[in-house]
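Here is how names work: the chains are called A, B, and so on, in the same order as the sequence lines, proteins then strands, and each is numbered from 1. Keep in mind it's a predicted model, so treat the numbers as computed, not measured.
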2 protein chains.
Amino acid sequence: MSKQIQDESTQIQKKRKVTVVEVAEAAGVSVSAVSRAFNPEASISLPLREKVFKAAASLNYKPNRLARGIKSRSSLVGILMTDFNNPFYLPILSRFTTEIQRRNCHSLLIHVDGDMDIQAAVELVMEYNVDGLIITSATLPQPLVDACRSQNTPVVIFGRDSSENSVTIVSCDNVLAGNMAADMLLDAGYLKPAFVAGPIGTSATLDRQRGFIARLMERGCQEWQVVEGGEFSYDAGFDATLRVFQHTEKPDALFFADDIMACGGMDALRYELGFRVPEDVGVVGVDDIRLAKSRSYNLSTIRQPNEQMIQSSIDALFEHISDSNLPPRSITLPCEAVVRGSTKK
Amino acid sequence: MSKQIQDESTQIQKKRKVTVVEVAEAAGVSVSAVSRAFNPEASISLPLREKVFKAAASLNYKPNRLARGIKSRSSLVGILMTDFNNPFYLPILSRFTTEIQRRNCHSLLIHVDGDMDIQAAVELVMEYNVDGLIITSATLPQPLVDACRSQNTPVVIFGRDSSENSVTIVSCDNVLAGNMAADMLLDAGYLKPAFVAGPIGTSATLDRQRGFIARLMERGCQEWQVVEGGEFSYDAGFDATLRVFQHTEKPDALFFADDIMACGGMDALRYELGFRVPEDVGVVGVDDIRLAKSRSYNLSTIRQPNEQMIQSSIDALFEHISDSNLPPRSITLPCEAVVRGSTKK
DNA sequence: CTGAAAGCGCTTACAG
DNA sequence: CTGAAAGCGCTTACAG
């Protein structure tokens, strides 16, 4: 009986959340003082702040971020992701959340899958009053850009894209990536390279292709070809490679739109078509995902400067949050060639 | 000049968020009516609701979820992740967010890394008034469990663990996984298997080990050994394998605590130690990550029933959200042996 | 720097 | 079913 009562009181004690009012009472100050004490930018004297903190600590007070967000910043940053299958994005997501948390904000993760309207997704994030929004997407459909522009919330697109200039976008130089891949293959002595494209409509893919072919031609290579690859996935790379070698013109090297496709392609070459890599066919990817340096793949690739790209994205986003008049800008970072074992020495 | 003014007005129009009050005015009803119209469970007549919706649509009104959350549900579900390096977790995160969104809620993603206090992280999520919390973690430190218990918010641990019963937890039967791995290796004719353990303190690892050894002994196998593996990562599996073969007792098969370790281990065997897999040494993992079925690894493994585990986690979480008196329970799902090419036929 | 008071946008007893 | 009013927990001009 007494046990029961005690249980109930414990439960009630758990349920009741302590508020500014109670802290104010306990500290013998106004609620404004409590509010200010928990707001780093507010003007409040040190003694007062400490008095409040002491009372707050003894009551185990935690500010309610929702209530705070309704008048002030929500401390929420939206992250919109579309390509949840590509392992490339796991470390990226990891770093984004870490950086956001480092700035005392938190991540609202929105997963936009195929059958979801991207415009609706953007609007939805806005219902949470997010302070800013990060969009990671290999594809960058115009409706998405439009949706971002119509919001007055800062948006940064962490893209593989670059043509857009009405919204802030961070990407690596994909034309350069194409150049580098061409050099890598030509330098290694390959003569008939093919580009295996990624999903249609991704300008990153187009830029890589453009850079690749431009450099090939520049260096006098004539026998190149471009083939469709499908989505950014192991299976797509695998299947595309099989298709390539049914053509009459067989390439002696493949440049894939990204690493995970390249891994699939390498396996098709080695385990299905019986080629040796790099002796018979050379392979280059883009990204430098973790798997690329495994002993099984040991993939030559063009590394995107992920850390810098993320850092720039976060910096730009928070600058936009602080200063809403900052014009959108386009940040393009250089990539880096990483020669491993999938190309001849 | 006129341009300037127009720009300003557009900007103002963007900034002003339309509220219940304006919708109420436009529709000629009370704010209560507007609120009810947007609340599926509220009792309101169809005509009234439609009148409100019409006005809301014409004003492009979107409810402010933060304001709503302060009195009612926040529609926010926290997801706490620790193992952001393991590709195993990308599809899991993907499915969780999808399921949460399907229920008209959204995911607050918290990344708990090494130097972050897990207790602090849990408390922090609570500041957002999340309706519920999902924790995915290979390790399950007691402080975490305690932190969860002290909150009155529903928590589900998506674990590889099972011993705990003071909080709802969903996992697969890791002892069974160990049994299956033992059977797989013994059935294939291996005689001296070793278990390569995962991070210490992960009961999943211990359970797998226990199940593995129990079955080996049961079937009369004496020459087994257990070695430390380190963290769940490619490199850890690679290094551990190198160490194993420096011992005087060389195993002829390795059961790794998870797939990504097994991939690293296979590469060490093939590319560093010169063994053939599966002829010289057999390899089995746990998880069935996407990479496991690549042609390069073609890894025999014990598959965790991820989809079911996620579905059960989400179902359990929302049941707890609906009924706060539901006692915690432990849901353990069976796993499945997947024989591929890393074990002899 | 500090406090009293109004307000943020929404919800929810309370009457009718 | 509907509306007027109080309230959620916090912030922020406004005075002092």
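Comparing A/F38 and B/A67 by the nucleotide of DNA chain D whose heavy atom lies nearest to each, the residue mapping closer to the 5' end is B/A67. Two residues, B/S30 and A/G69, neighbour DNA chain D, and the one matched to the more 5' nucleotide by heavy-atom proximity is B/S30. The nearest heavy atom of DNA chain C to A/A42 and to B/V34 marks one nucleotide each, and the one closer to the 5' end goes with A/A42.
Summarising the geometry, the separation between CG on B/N64 and C1' on D/dG9 is reported as 14 Å, rounded to the nearest angstrom. Counting to the nearest Å, the C1' atom of C/dC10 and the CD atom of A/E127 are 13 Å from each other. Between A/I44 atom CD1 and C/dG3 atom C1' the separation is 12 Å, expressed in whole Å. Whole-Å rounding puts the A/E50 CD to C/dC1 P distance at 15 Å. For the pair B/K17 NZ and C/dG7 P, the interatomic distance rounds to 21 Å; values are reported in whole Å. In this structure, the CG atom of B/N39 is 13 Å from the P atom of C/dC10, given to the nearest Å. Between the C1' atom of C/dT11 and the NZ atom of B/K71 lies a distance of 5 Å, rounded to the nearest Å. Put simply, CZ on A/R36 is 11 Å from P on D/dT11, counting in whole angstrom units.
Here the CD-NZ distance, from B/E127 to A/K17, works out to 9.0 Å after rounding to the nearest 0.5 Å.
If you check every strand for non-hydrogen atoms under 4.0 Å, A/S43 touches a base. Using a 4.0 Å heavy-atom distance criterion, A/S35 is classed as a base contact. B/I70 comes within 4.0 angstrom of a nucleotide base, judged by non-hydrogen atoms across all strands. Heavy atoms of B/S32 sit under 4.0 angstrom from at least one base atom. Here B/L66 lies out of heavy-atom contact (under 4.0 Å) with every strand.
Pairing for C/dC14 is with D/dG3, a Watson-Crick or G-U wobble pair whose two hydrogen-bonding atom distances lie under 3.5 Å.
Which of D/dG3, C/dT11, C/dC10 sits closest to the side chain of B/V31 comes down to C/dT11. In this structure, of C/dT11, C/dC10, D/dG3, it is D/dG3 that holds the atom nearest to the side chain of B/V29. When distances are taken from the side chain of B/S45 to each of C/dT11, C/dG3, D/dT2, the shortest belongs to D/dT2.
Taking the charged nitrogens against the carboxylate oxygens, B/R103 and B/D315 do have a contact shorter than 4.0 Å, which makes a salt bridge.
By the 4.5 Å heavy-atom criterion applied to side chains, A/H106 and B/L124 are counted as neighbours. When side chains are defined from C-beta on, A/F318 does not count as touching A/D131, because their heavy atoms never get closer than 4.5 Å. At least one side-chain heavy atom of B/R102 sits less than 4.5 Å from a side-chain heavy atom of B/E99.
Scanning atom types as modelled, no donor and acceptor separated by under 3.5 angstrom connect the side chain of B/R65 and the base of C/dG9.
With hydrogens and angles disregarded, no donor-acceptor distance shorter than 3.5 Å links the side chain of B/T153 to the backbone of B/G132.
Of the C1' atoms belonging to C/dG16 and C/dT12, the separation is 16 Å, rounded to the nearest Å.
For B/Y61 and C/dC10, the shortest distance from a side-chain N or O to OP1 or OP2 is below 4.0 Å. Side-chain N/O atoms of B/T19 include none lying less than 4.0 angstrom from OP1 or OP2 on C/dG9.
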